[in-house]
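Comments concern the structure below.
Naming: A, B, ... by sequence-line order, numbering from 1 per chain.
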There are 2 protein chains.
Amino acid sequence: MTLNKVTIKTIAKKINVSPATVSKALRDSHDISDQTKLKIKNLAKKLGYKPNLMARNLVSKKSNIIGVIVPDISTSFFGLTVRGINYAARKHNYEVIILVNDEDHKVERKNIEFISNLQVDGILIDSVPGNHNLDLLEELSENGMPIVFVDRKCKKINADSVTTDDIKAGYTITKYFLKNNKSKIVFVGDVDLLTVANDRVKGYKKALKEFGIKFDKELLLKINYEIDEEQLKEKIRSFIHSKKEFDSFICAGGVIAYLVGLVLLEEGFAIPDGVLLGEFGDNNIVYRLGVPFITVDQSPISIGATAFDLLVTRMKDVRNTNAKRKQIYVKSKLVSHHPAKHEHLFIEHI
Amino acid sequence: MTLNKVTIKTIAKKINVSPATVSKALRDSHDISDQTKLKIKNLAKKLGYKPNLMARNLVSKKSNIIGVIVPDISTSFFGLTVRGINYAARKHNYEVIILVNDEDHKVERKNIEFISNLQVDGILIDSVPGNHNLDLLEELSENGMPIVFVDRKCKKINADSVTTDDIKAGYTITKYFLKNNKSKIVFVGDVDLLTVANDRVKGYKKALKEFGIKFDKELLLKINYEIDEEQLKEKIRSFIHSKKEFDSFICAGGVIAYLVGLVLLEEGFAIPDGVLLGEFGDNNIVYRLGVPFITVDQSPISIGATAFDLLVTRMKDVRNTNAKRKQIYVKSKLVSHHPAKHEHLFIEHI
DNA sequence: TTGAAAGCGGTACCAA
DNA sequence: TTGGTACCGCTTTCAA
C-alpha cells in the first residue's frame, strides 16, 4: 500500500490540534472555525492526505458501497444491465463494485461472502442457475442485508427482484413461432428447477397448448451453463443428429443461441428458412452468426436502473426487514432481426 | 448492515476465552490447542460469525483486493479483458472488484480515488482517452501503489502496460486496405494526443507513406467518446455529406465502427462494395450491422490475464518502486469477417 | 497455550 | 470552538 502514510494524526501533530479537530474540519463540520478549517484543509492537500475508507467504514458501519454480482460480463446483456445500475447509483451517490463469477456457483458463493464481509450496504445479484447459494443469501437477508435479484429471479425465497416477465416472454415468442407455422420447436436452456429458463418453458408450454400442440419432452434440450462451449456444441450436435424432427429453436440465452446457430450452420442447415432461431436478451453475440433471428429484447439498462432504485428503498428502511418483497417486471419486446437486410422489426410488447 | 452482530468478542465471551485466542483459533494459528480451536470454530459456525474485512484489512494493511477500472463493460472487448483478469486472479487467490466509468474521465477520477482509498493492493486500468487522471495515477504509483495499464497504454509516465502493438496494428490494417485498392481511407477515432488511437494513426500514416500516398488531414475524423451517440452520428453524417471523397473507414474502436456503419447504411452506402469498413477489437457490436468488415482481433482474454500477472509481480516487490517498467505487447491478428457467408478469414498476425 | 494491552485510522460524545 | 477519550472489529506483540 501507499508508503505515503499521511493520516489524520500526522496532520494534527503538524499544526498542534487534536485528531478530532482534523477529522471534523476535513468533513466541514459546523463546529470548527473557518480559520482552522482552512489551515487543516490546505495542509491535508499539501501532504496528499487520503482518507482510509477501511477505517472510516469500520466506525461508521456504513460503506456507501453496493456490490453487484453477475455471472458474466462479456455478454452485452449483463454489460447493459450494469450500465443501468451504475447510472442509477451515480445519482444516489453510491459506489458500485462489480464481481464476476463466470457462471460458476462456487465462485459466486465466494463473491457473496467476500462482498458481505466487506460490509457493503446492499447487494444486487444476477444469480447462477440452480439456487446453489440461496441459503447464504437468505441468511444475509434475514440479518438485514438488502438484496435484490436482477434478471434471474428466485422463487424459493421471499425476495425482491427485477426481471422480465419470463412466462409471458416465453409465451409470446413461442406463439410467434407457431403462427409462423413452426410446430416442432426445440427449447434449449438450463432448465433446472426454479430458474428463469423454467419460467420461459412455462410460457412455451402455454402457447403450445393454446395451439393444440402437445408438449414433447424430447424437444426440451436441457443444457448447463457451467460446462464448456465445446461440450455444449457436442450436445447440440448430437441432438441434431438424433432422429428427432425439429423446425426451430428457442434458446434461453444469447450464448446458447450463438452456439446452437453455429452448430446448425456447420451442419448445413439454413437459418431462418430451414430452421428458425429465437433467443432471449437481444445479445450482440448472436449477430456474429450473420443470420436472421427472433429475439426478446429485455431492456437491460432499464432492468439495472430499476433494480438499483428498489435496492435504495430497501437500504433506506433497514429496520423493516420483513416488509413485503416486490417482484417488478420490466417491459420487454419481441423483435425480428434481419441483420443483412438491416431490418429490425418490432413485433409485440411483452 | 447485518443485525447479526457476532464478532470475535461475542464468541470470546461465550466460552470465556480472550478475543486474541478466538482470532488466532479462527485463523488456525499454531499456538492454540486443537481442543479450543475446535470449540471456537464450532461456535463460530453456529453463531454465523463473519469476519469484518474492513477491520481485518485496517490492521493488516493488506486487502488482497485488486481494483479494475474500465470505461465500458457492455462491449465484448472489455468484457473479455475482464474475464482474462478474473481468470488469472483466481489462480492467485486475489479478489477482483470492477468499477465502470462510461468513458467519463470525471467518474474515472472518482473511481481511482475511491479504489485507492479503499486500500486495494493494486490497480488495473483501461484508461479514458485524454490522460485526464495521469497526475493522480502517477502520484499513487510514486507512493507505492502498483498500477498496470491495460489495453490503452499511457506514454507520458513511466508505467507498466499490457496492450496491443497499436502502431503495427494500424499499419497492418491500413496496408490491407491499400492492397485492396482503397486510397481514400478515413481514419475515425478519439485521436487525442498520446492515446491508443494516436498510435494507430501512426501506423496508418506509415502504411500510406509506403504506398506513396500523402497523408490527408481531412481524412482524419476526430471524435470524442464522451459525447453521446446521436451527436457522434451527426458528426459522421456531416462528414459523409461534405465534399470530401472517401472509399473506406478504419475505426479506432467497435462502438465507433458500429455508428459509422449505421450512418453509412442509413445514407445508402453499400458495405463493403461501396465502402470498406475496418475496426479494432473484433467487437460483437459491429456484427449488428450485418455487413462484412475487417478487424484487428486483439485477444482480450490474453491481454487481461497478462496484465494481472504483471501486476502480481509488481505487488510482490513493493519496495522496488523504481524498477524498470515493462511495456508488454500481446499478439493480435487481422481478420476478415463476412457474417452472412459465415466466413471468418485469418489474414495476418500482428 | 492463553490473554492483556496497544493500536490500525477514523469518528463521536461530552467536557472544557 | 476545541480536544480527550472511548471505541469500531480485528491482529499482534509480549508476558503470564
Do A/Val100 and A/Phe78 make a side-chain contact, defined as non-hydrogen atoms from C-beta onward lying under 4.5 Å apart? no
In whole angstrom, what separates B/Gln119's CD from C/dG9's P? 9 Å
Inspect the contact between A/Arg152 and A/Asp126 and indicate whether a charged nitrogen and a carboxylate oxygen are less than 4.0 angstrom apart. yes
Is there side-chain contact between A/Thr313 and A/Lys326, with heavy atoms separated by less than 4.5 Å? no
Answer yes or no: does a side-chain N or O of A/Lys5 lie under 4.0 Å from OP1 or OP2 of C/dC8? no
Near DNA chain D, which residues from residues 28-41 of chain B have a heavy atom under 4.0 Å away? none
With side-chain hydrogen bond (donor to acceptor under 3.5 Å, both in side chains) as the test, pick out the partner of A/Asn133 among A/Glu108, A/Lys110, A/Glu113, A/Glu138. A/Glu108
State, yes or no, whether a side-chain contact exists between A/Arg90 and A/Val96 at a heavy-atom distance under 4.5 Å. no
If I take atom NZ in residue B/Lys61 and atom C1' in nucleotide C/dG9, what distance separates them, rounded to the nearest angstrom? 8 Å
Just N and O in the side chain of A/Arg56: are any of them under 4.0 Å from OP1 or OP2 of C/dT11? yes
Looking at B/Lys9, does any N or O in its side chain come under 4.0 Å of the phosphate oxygens OP1/OP2 on D/dC8? yes
Can you measure A/Asn52 atom CG to D/dC8 atom P for me and round it to whole angstrom units? 18 Å
Rounded to the Å, how far apart are B/Lys62 NZ and D/dT11 P? 14 Å
What is the bend of the helix from C/dT1-D/dA16 to C/dA16-D/dT1 when you compare the axis at one end with the axis at the other, using five pairs each and rounding to 10°? 40°
Could you state the atom-to-atom distance from CG of A/Leu26 to P of C/dT11 in whole Å? 8 Å
Across the strands shown, which category fits B/Ile8 at heavy-atom distances under 4.0 angstrom: base, sugar-phosphate, nothing? sugar-phosphate
Once you round it to whole Å, what is the distance between C1' of C/dG10 and CG of B/Leu118? 15 Å
Reckon A/Arg27 has a side-chain N or O less than 4.0 Å from the OP1 or OP2 of C/dA12? yes
Go through the N and O atoms of the side chain of B/Lys24 and the base of C/dG3, and report whether any donor-acceptor pair is under 3.5 Å. yes
note: A/Leu58, atom CG; C/dC8, atom P; distance rounded to Å ~ 14 Å
Lys/Arg-Asp/Glu bridge criterion (N-O < 4.0 Å) met for A/Asp135, A/Arg109: yes
As an exercise, state the distance from CG of A/Leu58 to CG of B/Asn57, rounded to the nearest 0.5 Å. 10.5 Å
In terms of ring plane angle, is the pair B/His132 and B/His105 parallel, tilted or perpendicular, where the classes change at 30° and 60°? parallel
Measure the shortest side-chain to side-chain distance between A/Asp102 and A/Val107 over non-hydrogen atoms and say whether it is less than 4.5 angstrom. no
Does the side chain of B/Gln119 come within less than 4.5 Å of A/Leu53's, by heavy atoms? no
Sub-4.0 Å heavy-atom contacts from residues 12-21 of chain A onto DNA chain C, ordered by number: A/Ala20
Name the nucleic acid region contacted by B/Ser60, choosing base, sugar-phosphate or nothing; use a 4.0 angstrom heavy-atom cut-off, strictly under. nothing
Under-4.0 Å salt bridge between B/Lys45 and A/Glu139: no
Integer-rounded Å distance: C/dC8 P and A/Lys50 NZ: 21 Å
Nearest 0.5 angstrom please: B/Leu140 CG to A/Lys50 NZ, how far? 6.0 Å
